[in-house]
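Since the model is a prediction, treat every value here as computed from it, not as a measurement. Lettering follows sequence order; numbering is per chain, from 1.
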Amino acid sequence: MLAWTIYISFLGAAVVLLLPKGHARAPRHVALLVAVLGFVAAVSGTLETKPGNLLTIARIPWIPSLGIEFHLAADGISLTLVLLTAIAAIAGILFSWDVAHRAKEFFALFLLLIGSVYGVFLSFDLFLLLVFYELAIIPKYFLIAVWGSTRKEYGAMKLALYSFGGSAMVLIGVIAAYAVAGARSMNILELARFPFPQSFQMWAFPVVFVGFGILAGLWPFHTWAPTGHVAAPTAGSMLLAGVVMKLGAYGCLRVAITLFPSGLDPWDFTVLGLDSWRDALSILAVIGIVYGALVALVQQDFKFVIGYSSVSHMGFVLLGLLTLNTVGLSGAVLQMFSHGIIAGLLFAVVGRMVYDRTHTRDLPSLQVMSLNKAIPFAAVTFTIANMAAMGLPGFSGFVAELQVLIGSWRAFPSLAVLTGFGIVVSVAYSLRVLQSAFFGERANSATNEVLEEQRHSELEQITIPERIGAMLLIGTSLIIGLWPRLLLDLIGPTFDLPHFDWLRRGGVL
Amino acid sequence: MNGIPLLTLVTFVPLLGGFVVLGLGKEWNRLARWVAMGFSLGVLLLALILWHQFNPGSGNLQFEEGPYPWIPMLGVDYRVGVDGLGLLMVMLSAIAVPMAMLASWRIMERASLYFGLVLFLQGGLFGTFTALNFFHWFIYWELSLIPAFFLIKLWGGPRCAKAATQFLVYTMAGSVALLLAFLAIFLATGKFDFIELADMGRNGALTSALSDKLGWTWLNTLSPTLIIFTAAFVGFAVKVPLIPFHTWLPPAYAEAPTGTTMLLTGVMSKMGVYGFLRILLPIFPEQMRWVVTPLLWLAVITIVFSASAAFVQRDLKQMLAYSSINHLGYCLLGIFAVARFTGVDTAAAAAKTSALNGVLLQMFNHGLTAATLFWFIGMLEQRSGGLRGVDDFGGLRRIAPVFCGLMGIASFASLGLPGLNNFIGEFLIFKGAFPLVTWATSLSAVGLLLTAIFLLTLLERVFYGPLNARWSTMPDLTLRERIALVPAIALMFVLGIYPQLILGVINCTAVQMVKDQTF
């Protein structure tokens, strides 16, 4: 059932491409149908999996001589991310409802991207995973280059090059691992069991982790992210920040940490007070959290604020992964889900609700528009989205950040305090951007109220698809925030599975 | 009434009401106020039922619901309950909100949003005062900040944006410190439940757990418990506020619209003191005792400095804002005096019970009095078209005698005149604290003197002296305003003459708190 998420998305992409030109509105309806079907498949797949089990969906030999199989499987973590993709896909399509320029190609590429992402999350064969991973980069490039805005060709190219660079690093590590393990199998589970030599893991781990980390926004390799997000069209940035960055984090967990857990062990020497890759990378993660937040505080472009806040939030994910305890890991996965939803919401407001109407993202210009009076629904949505993004209790982000903080208290106490500082800065930049973009005061005096009314009525009201999309995303964040068991019951038992044995090794639980 | 989850109901009814009022939208502006008022009066009724059903003879938690598992992975349960302290705070919120709504009756711009936010704030307050599990409590603690932020920002004075932002960021920063502290505690003990943590704090299990699980090398010389305590302390100190964490308060109080300031001073400031009593004192009795002398100094400085600062303000609202800080300083004096002695000495126990009774009374009385005083200032502001400087008026007694009379009563109540409500609370605090921390109590008496001076000066400047010609046509209190004020003023007299009304209910709780603190 779960594999249908992949098949249906690719099929859908093909169908959309083959639609006759006459029906201008057909592509988005087909795309929405496909996304909803994908969501149904994801939910039913989740319901039929018993938590704590690895559900094998398909396992067909592909290239037997090289030990490569078409192996799809899902554990609780995969399911969480598949659900995220499903929800983000529906929301993305709803917020792209009015795309008119080459709509067919747009939605086809969108569905292609979604399908590849589903593929990454469900693959348990390394080769298959990397195929889907690389496959996802192509639609991303075109979505940004053709339908984007500010510096779209540059942004698209930067994204593609950074992604390919990261993939190259991953490929090196993976092929080396494959070779060392006897060139018999690319199955993640078998490779996880294989005892790679310590010296091998010591270099393979950072190479693969950083390779995936580039896509996850690991500082200082994050610079593609703000540029790419700003350049992308709304649905593009929603997916980019919401789902694609999670591909990187997922890869860090599923490939780097699962295959090479000893790469995180302490070295024999100490450099600058750091004595393992774990220390070094966790510092980078926290720098990402704080740096991202501080830079977001001073941006003049609305979308750049959100772009940098994405880098900051992904820092939480990476920190959580590196805590190497169940709470931190659970928090990291939950944060992947939560930030995916929230980032989608934030970019939807910036791109679709504000930019498409005002054609400016410059905060000083927006400040004199009093958008809270012109498009109140957008103001309310953005307020709620900000509250969720700053980790306000009651929304999903709080539970996730809570768990990451608990995990990092255990693992890196001093970093936990820095992270707390990052949270305070995130409150500051969220308030700043809320104030500037929506609640600015008009520069003219009250006598210009007539002009104000005119200007307000000129801004198109928020359409129905936008409202549905916003409520879908807000609802998800609220439900998970108030009843996190829905996902935690999926994620928690996953850590008892055999391929998480490295958690128990050395008692780091 | 046994089966009905009263506490959950009392928390969710305002939240539901908030949604209903918000849903009324622009077209039903006038209706919104009435609907909101209806909800808040309904909640008041529920609170009165709670009060009536409360067993004053027991100092334990009553109306308990739960623990129901909520997030088992994080040890989070849904557990609510109130003792005398919680009940008193619930009652205060239930009374203050209708008062604040009455004071905001004339707000026309986006009224449904305003009243909806007030109801959300009320729900958040109830949640904070009834929750017994940190996760649940923290949700409401943070959540109550958001309506307050918007209330200040959207309907406030000229500099409200800055004041609102400062308020939110400052308080959030404190909350983050609090969060980190409790996450560390959870890490060491696996618990978020206040009652269980208090048990552990009492028998020393908490300290050993923290030292065991959090024995980080760079903390070897200091006690981890002390560090955690300091972080939690900061979170509450910002909220009360304690000097030097108070700088967010005067701008926020001054710029907020009248109704919001009434809620800020009447109830939200008590959240911090509640936190000290419900969380900090029970869970960290040893640590509080260790640092009690610097804490007492902070309390004394808070009391004296804020009263002096009130005296030199030119803006009436800022004056009362500083006075608020001053009155809460007395509460903290009482709490820190109690924290000083954790032995089983019976003489000290009597003094401690006195002090705690005084603190609880003061929390309620100050809430009532301060809210009423700000209401009066609001009425003055309305009549003067926005002016509220202390020198802007003069001789109003002649043209608005009822106004002068009633505001005089509220002012005298605030400065602690015997026969009015604040006196008993302050008296009990001083009576209890004097044998425990004589030096601090004596120094704090200066605060009483300064408060009397500045309040009398305020009355003199505004109401006495030559009539300021500008206001010669200022109307006195209308009939509606007088009727609206009657419950508050009456309560001041009633509680001043018959404090047993409250003391009877809270005394056992105070005794229990003292017992809990002796080990």
Side-chain angles (χ1 to χ4, degrees), chain A residues 325-327 330-331 334 372-373 376 380 383-384 386-387 390-395 398-399 401-414 416-417 419-432 434-436 439-441 481-489 491-493, chain B residues 22 25-26 69-74 76 110 113 124 127 134-143 145-146 149-150 153-154 158 161-162 164-188 190 192 213-214 216-219 224 227-228 231:
Chain A
N325 50 55
T326 353
V327 181
S330 172
L334 195 60
N372 65 326
K373 300 212 177 75
V380 171
T383 307
I384 299 178
N386 258 343
M387 281 157 51
M390 50 166 116
L392 199 75
F395 291 97
F398 174 64
V399 188
E401 288 179 6
L402 193 84
Q403 290 188 303
V404 169
L405 278 174
I406 295 178
S408 54
W409 259 132
R410 194 177 279 166
F412 326 105
S414 34
V417 179
T419 313
F421 173 67
I423 297 180
V424 181
V425 181
S426 81
V427 174
Y429 75 67
S430 302
L431 283 181
R432 174 186 170 257
L434 183 65
Q435 157 84 2
S436 305
F439 292 97
E441 287 309 313
L482 293 174
W483 195 246
R485 278 186 81 167
L486 286 175
L487 286 179
L488 286 179
D489 279 352
I491 303 175
Chain B
L22 271 182
K26 278 207 204 40
W70 184 357
I71 313 176
M73 195 192 202
L74 290 174
V76 173
R110 289 187 278 196
L113 182 61
F134 176 75
F135 183 83
H136 172 201
W137 177 87
F138 194 70
I139 290 185
Y140 283 109
W141 175 268
E142 296 276 276
L143 227 44
L145 290 179
I146 302 294
F149 170 74
F150 281 108
K153 191 176 167 62
L154 296 176
K162 183 160 173 270
T165 311
Q166 195 180 6
F167 159 70
L168 189 67
V169 177
Y170 214 131
T171 326
M172 276 261 187
S175 304
V176 169
L178 191 56
L179 179 68
L180 286 176
F182 269 87
L183 290 187
I185 293 180
F186 173 73
L187 200 59
F192 269 134
K213 301 273 175 60
L214 300 181
W216 307 316
T217 40
W218 52 273
L219 279 184
I227 311 259
I228 306 295

Exercise for the section: Could you look at A:L486 and say if it's the side chain, the backbone, both or neither that has a heavy atom under 4.5 Å from chain B? Expected result: neither
Problem - Pairing residues for A:R485 by the salt bridge (charged side-chain N to carboxylate O under 4.0 Å, His left out) criterion, not counting sequence neighbours - result: A:D489
Problem - Test log, rule side-chain contact (heavy atoms from CB on, under 4.5 Å), inputs A:F421 and B:V176 - result: CA-CA 8 Å; A:F421 173 67; B:V176 169; over 6 Å; no
Problem - Portion of B:L154 that has a non-hydrogen atom of chain A nearer than 4.5 angstrom - result: side chain
Problem - Reported CG-to-CG distance for the pair B:L179 and A:L405, which is rounded to 0.5 angstrom - result: 6.0 Å
Fill in the blank from the handout: Looking only at heavy atoms, the pair that brings B:L180 and A:V417 closest together is CD1-CA, 4.2 Å
Problem - Side chain / backbone / both / neither for A:T383 at chain B, heavy atoms under 4.5 Å - result: side chain
Exercise for the section: Please confirm whether the backbone N or O of A:L482 pairs with a side-chain atom of B:W70, one donor and one acceptor, at under 3.5 Å? Expected result: yes
Fill in the blank from the handout: Counting heavy-atom pairs under 4.5 Å with chain B, the top scorer among A:G481, A:G407, A:G391, A:P484 is A:P484
Handout entry: Nearest non-hydrogen partners of A:P393 and B:F138, listed with the distance
Key = CG-CD2, 3.6 Å
Problem - Atom group of B:F149 that falls short of 4.5 Å from chain A, counting heavy atoms - result: side chain
Fill in the blank from the handout: Those residues at least two apart in sequence (or on a different chain) that pass ring-ring contact (aromatic ring centres under 6.0 Å, His included) with B:F192 are B:F134, B:F186
Handout entry: Toward chain A, the part of B:I71 with a non-hydrogen atom under 4.5 Å
Key = both
Exercise for the section: Hey, could you give me the CG/CD1 distance between B:L187 and A:I406, rounded to the nearest 0.5 Å? Expected result: 7.0 Å
Practice task
Identify which of B:A173, B:P72, B:A161 forms the greatest number of heavy-atom pairs closer than 4.5 Å to chain A.
Solution key: B:P72
Handout entry: Proximal component of A:L392, with respect to chain B [non-hydrogen, under 4.5 Å]
Key = side chain
Practice task
Select one option (side chain, backbone, both, neither) describing which atoms of B:F150 are under 4.5 Å from chain A's heavy atoms.
Solution key: side chain
Exercise for the section: Find the distance between CD1 (B:I228) and CH2 (A:W409) and round it off to the nearest 0.5 Å. Expected result: 5.0 Å
Handout entry: Worked check of side-chain contact (heavy atoms from CB on, under 4.5 Å) between A:M387 and B:I146
Key = CA-CA 9 Å; A:M387 281 157 51; B:I146 302 294; 3.6 Å; yes
